Amino acid sequence: MFNPEVPRPDGAPPYPPEHTLNAGNVNRSGVMFIITMLFLLPIVTVLLADWQINGGIVWSGYVVGAVLLLYVVVVLPLWFRAPNPVIFIPVDFAAVMLYLLYIDLSCGGHWFLSFAFPVCGGAMLIVTAAAALVRYVHGGYFFIIGGAFILTGLYNVLIEFLLNLNFNLHEGFIWSFYPLAGCVIIGAMLIVIGCSSQLRESLHKKFFI
């Protein structure tokens with residue numbers, strides 16, 4: 001304990017001064033550069049290995065695409081201090097669609113435009129719209145989330161329809177009505193809660209929501 005009435009001894013202190021690392025002293029660009037180089041390492045490695053073994057790009061494109069997709073989804077928003085999800089969500093879906101397009105062109109599947117593009121596009125519209133409404137519209141969150149649930153249920157029906165159309169799995173709808181029913185019930189429940197102020201107050205008192 002420190003006693004102000006006792007004179008402090010002269011000379012060097014017995015312990016070295018403590019140096020704490022301040023977050024403001026961290027070079028953000030330097031850290032992101034190191035992370036980028038760590039992502040670049042497997043890309044160069046697999047490209048060189050594929051080129052040496054096969055004399056060209058045979059399988060390494062899939063690995064490179066997966067690494068780049070992971071970089072776009074996880075690392076790219078970290079370059080910004082306050083990344084806007086309304087911007088980065090479409091960017092992430094666009095990266096997914098580009099990767100699927102590369103796979104389709106590489107294997108000659110001819111399923112991108114008729115299946116992957118509408119599936120990814122539908123998910124992108126639902127998620128981006130929900131994120132934009134939550135970010136820029138103050139209040140009405142029950143309506144936003146409830147509407148997102150209902151659209152998700154309809155989205156499952158679209159997926160099954162496209163699966164049957166492109167890959168001839170079934171002649172009719174089999175499984176998509178189950179998630180549709182569940183999503184519609186949950187969405188309708190949230191919308192009813194949003195319409196009833198008394199119900200919202202009761203839920204807030206009991207569950208703090």
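These numbers come from a predicted model, not from an experiment. In this chain, numbering begins with 1 at the start of the sequence shown.
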Hey, is the main chain of L133 close enough, under 3.5 Å, to the side chain of Y141 for a donor-acceptor pair?
no

Looking at F33, I want to see if its CZ is surrounded by more than 12 non-hydrogen atoms of other residues, nucleotides or ligands under 6.0 Å.
no

So, taking the atom named CD1 in I191 and the one named CD1 in I150, what distance separates them when rounded to the nearest 0.5 Å?
4.0 Å

Strictly distance-based, threshold 3.5 Å: is any side-chain N or O of N166 a donor or acceptor partner for the main-chain N or O of L162?
yes

Rounded to the nearest 0.5 Å, how far apart are CG of L78 and CE of M32?
4.5 Å

Side chain N164, main chain H170, donor-acceptor under 3.5 Å
yes

Whether the side chain of T45 engages the backbone of L41 through a donor-acceptor N/O pair (distance < 3.5 Å, no angle test) should be reported.
yes

Is there a donor-acceptor contact under 3.5 Å from the side chain of S202 to the main chain of Q198?
no

Should the heavy atoms of other residues, nucleotides or ligands under 6.0 Å from CH2 of W51 be counted, would the total exceed 12?
no

Okay, side chain of D50, backbone of W59: is any donor-acceptor separation there less than 3.5 Å?
yes

Find out whether I103 and W111 are in side-chain contact, i.e. whether some heavy atom of one side chain is under 4.5 Å from a heavy atom of the other.
yes

Taking C-beta and beyond as the side chain, do T36 and W79 meet within less than 4.5 Å on heavy atoms?
yes

Checking the side chain of Y155 only, and the main-chain atoms of V119 only, is there a donor and an acceptor separated by less than 3.5 Å?
yes

Hey, are the side chains of L100 and D104 touching, using non-hydrogen atoms and a 4.5 Å cut-off?
no

Main-chain N/O of G56 paired with N54 side-chain donor or acceptor, under 3.5 Å
no

Hey, does L199 have a side-chain heavy atom less than 4.5 Å from the side chain of I193?
yes

When you compare the side chain of N156 with that of W175, does any pair of heavy atoms fall below 4.5 Å?
yes

